[in-house]
**Student:** 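Below you'll find the structure I mean.
Reckoned from all heavy atoms, side chains included, excluding hydrogens, waters and symmetry mates.
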Amino acid sequence: GSSAQEVLISTHVCHPSLCNDNLSGVAVAAFLARHLANQGAQAPLRFTYRFLFIPGTIGSITWLSRNEERARAIAHGLVLTCIGDRGNFTYKKTRHGDAPIDRALLHVLKHSGREHAVVDFSPYGYDERQYSSPGFGLPVGCLMRSHYGQFSQYHTSADNLDFVEPAQLADAFSTLRSVALRFSLVLLCCCF
């Protein structure tokens, strides 16, 4: 990117047999990374995008511990999880709840015309907790469909390929692409 600021996209890889909980975020993040790399080859992106594919909790703690200087460049971030099922999008806000990534995601979801839910930050969940911890305070939200822990297939063998829908994965990719490609415009519009 042309700016020193980074956008973090993080997804966990600690339970590879869980298709929605783990692999849906991995698949969509991989496609988004490839798309942004292609975009960046055509015209410079405003932000640098950092993609982390790490084990949940211990992965983010370890990355933060070993990359304190790099972490300071992260201005916006998202954790991707549970984004392949049939549920509507759920966005868990950053710790402060009014970060530019919050405004950007809420803008895109609002203008998508699709039903969605927004939940406030809590210290329970995925790696947004570690990134937002008081020692770092990074503005990282979490995008999911069905809220983790609140669907019967969660962390069971029923979270398999039959539970994940290709159309839902494509929709998640499209939503994230909209956020990435219009991020600067959305931030500008939301600031007024």
Side-chain angles (χ1 to χ4, degrees), residues 6-40 48-64 66-67 74 76-94 101 104-105 108-109 112 114-119 121-122 124-132 138 140-181:
E6 294 186 6
V7 177
L8 173 69
I9 305 293
S10 181
T11 189
H12 51 282
V13 297
C14 45
H15 296 90
S17 65
L18 301 180
C19 290
N20 194 41
D21 180 66
N22 276 212
L23 295 182
S24 66
V26 170
V28 172
F31 274 92
L32 183 63
R34 184 173 67 181
H35 173 76
L36 290 170
N38 290 338
Q39 285 293 118
T48 297
Y49 287 81
R50 180 177 299 279
F51 287 81
L52 296 181
F53 299 85
I54 54 177
T57 307
I58 192 66
S60 56
I61 291 171
T62 301
W63 189 87
L64 287 167
R66 293 181 175 182
N67 295 280
I74 296 171
H76 320 283
L78 284 173
V79 171
L80 305 179
T81 187
C82 301
I83 56 175
D85 65 81
R86 292 183 184 101
N88 295 319
F89 279 118
T90 300
Y91 178 63
K92 181 180 175 182
K93 294 182 187 177
T94 64
I101 191 67
L105 234 307
V108 169
L109 290 175
S112 73
R114 296 183 304 262
E115 288 187 37
H116 61 275
V118 178
V119 296
F121 180 84
S122 72
Y124 304 101
Y126 287 109
D127 289 328
E128 70 277 0
R129 301 170 300 164
Q130 285 69 250
Y131 298 127
S132 302
L138 301 176
V140 177
C142 181
L143 184 64
M144 61 197 116
R145 288 192 182 276
S146 296
H147 196 285
Y148 50 80
Q150 296 181 9
F151 55 94
S152 62
Q153 296 85 350
Y154 183 73
H155 275 216
T156 71
S157 60
D159 184 355
N160 58 35
L161 285 172
D162 294 330
F163 185 57
V164 173
E165 296 286 325
Q168 299 298 75
L169 294 171
D171 183 49
F173 168 75
S174 177
T175 298
L176 290 164
R177 187 182 62 198
S178 293
V179 171
L181 294 178

**Student:** Leu169 and Ser24: which non-hydrogen atoms are nearest, and at how many Å?
**Tutor:** CD2-CB, 3.6 Å
**Student:** Just verifying a value: how many Å separate His35 NE2 and Arg177 CZ, rounded to the nearest 0.5 Å?
**Tutor:** 5.5 Å
**Student:** Using the test ring-ring contact (aromatic ring centres under 6.0 Å, His included), find all partners of Tyr126 that sit at least two apart in sequence or belong to another chain.
**Tutor:** His12, Tyr148
**Student:** Closest heavy-atom contact between Phe51 and Ala29?
**Tutor:** CE2-O, 3.4 Å
**Student:** Looking at Cys14 and Gly56, what are the two nearest heavy atoms and their distance?
**Tutor:** SG-N, 3.3 Å
**Student:** For Ser132, enumerate each residue passing the side-chain hydrogen bond (donor to acceptor under 3.5 Å, both in side chains) test, keeping only those at least two apart in sequence or located in another chain.
**Tutor:** none
**Student:** Who pairs with Phe89 by ring-ring contact (aromatic ring centres under 6.0 Å, His included), at least two apart in sequence or on another chain?
**Tutor:** none
**Student:** Does Thr90 have any side-chain hydrogen bond (donor to acceptor under 3.5 Å, both in side chains) partners at least two apart in sequence or in another chain, and if so, which?
**Tutor:** none
**Student:** I need the Ile74 CD1 to Leu138 CG distance, nearest 0.5 Å.
**Tutor:** 5.5 Å
**Student:** When you look at CZ of Phe31, are more than 12 heavy atoms from neighbouring residues, nucleotides or ligands closer to it than 6.0 Å?
**Tutor:** no
**Student:** Thr48 vs Arg50, test: side chain to side chain contact (heavy atoms under 4.5 Å, CB included). Steps then yes/no.
**Tutor:** CA-CA 7 Å; Thr48 297; Arg50 180 177 299 279; 5.7 Å; no
**Student:** With a 4.5 Å limit on heavy-atom distance, are the side chains of Leu8 and Trp63 in contact?
**Tutor:** no
**Student:** Mind checking what makes side-chain hydrogen bond (donor to acceptor under 3.5 Å, both in side chains) contact with Asp159, not counting sequence neighbours?
**Tutor:** none
**Student:** Taking side chain to side chain contact (heavy atoms under 4.5 Å, CB included) as the test, write out the residues that go with Leu23, two or more places apart.
**Tutor:** Cys19
**Student:** Identify, with sequence neighbours excluded, every residue that meets side-chain hydrogen bond (donor to acceptor under 3.5 Å, both in side chains) alongside Arg86.
**Tutor:** Glu165
**Student:** If the condition is side chain to side chain contact (heavy atoms under 4.5 Å, CB included), which residues does Arg66 pass it with, not counting sequence neighbours?
**Tutor:** Thr62
**Student:** Give, for atom CG of Leu143 and atom OG1 of Thr81, the distance between the pair rounded to the nearest 0.5 Å.
**Tutor:** 10.0 Å
**Student:** Report the residues that fulfil salt bridge (Lys or Arg N to Asp or Glu O under 4.0 Å) with Arg129, sequence neighbours left out, ordered by chain and then residue number.
**Tutor:** none
**Student:** Would you say the side-chain atoms of Arg114 and Thr175 include a donor-acceptor pair closer than 3.5 Å?
**Tutor:** yes
**Student:** With side chains defined as the heavy atoms from C-beta onward, is the minimum distance between Gln130 and Leu64 less than 4.5 Å?
**Tutor:** yes
**Student:** How long is the gap from CD1 on Ile83 to CG on Leu78, to the nearest 0.5 Å?
**Tutor:** 9.5 Å
**Student:** Closest approach of Gly141 and Glu128, non-hydrogen atoms and distance?
**Tutor:** O-CB, 4.2 Å
**Student:** For Asp85, which residues count as a salt bridge (Lys or Arg N to Asp or Glu O under 4.0 Å) partner, sequence neighbours excluded?
**Tutor:** none
**Student:** Could you tell me whether the side chain of Asn22 and the main chain of Leu18 form a donor-acceptor pair under 3.5 Å?
**Tutor:** no
**Student:** Measure across Ser10 and Asp127 and return the closest heavy-atom pair with its distance rounded to 0.1 Å.
**Tutor:** OG-OD2, 4.3 Å
**Student:** Taking only residues two or more places apart in sequence or in another chain, which ones pass ring-ring contact (aromatic ring centres under 6.0 Å, His included) with Phe163?
**Tutor:** Phe151
**Student:** For the atom pair CD (Glu115) and CG (Asn88), what is the distance rounded to the nearest 0.5 Å?
**Tutor:** 5.0 Å
**Student:** Once side chain to side chain contact (heavy atoms under 4.5 Å, CB included) is applied, do any residues pair with Thr94, and if so which ones, sequence neighbours excluded?
**Tutor:** Tyr91, Ala99, Ile101, Asp102, Pro139
**Student:** I'd like to know if the side chain of Ser174 reaches the main chain of Asp171, judged simply by a donor and an acceptor atom lying under 3.5 Å from each other, with no hydrogens or angles considered.
**Tutor:** no
**Student:** Taking atom OH of Tyr49 and atom CD of Glu6, what is their separation to the nearest 0.5 Å?
**Tutor:** 11.5 Å
**Student:** For the residue pair Leu176 and Val28, what are the closest heavy atoms and their distance?
**Tutor:** CD1-CG1, 3.6 Å
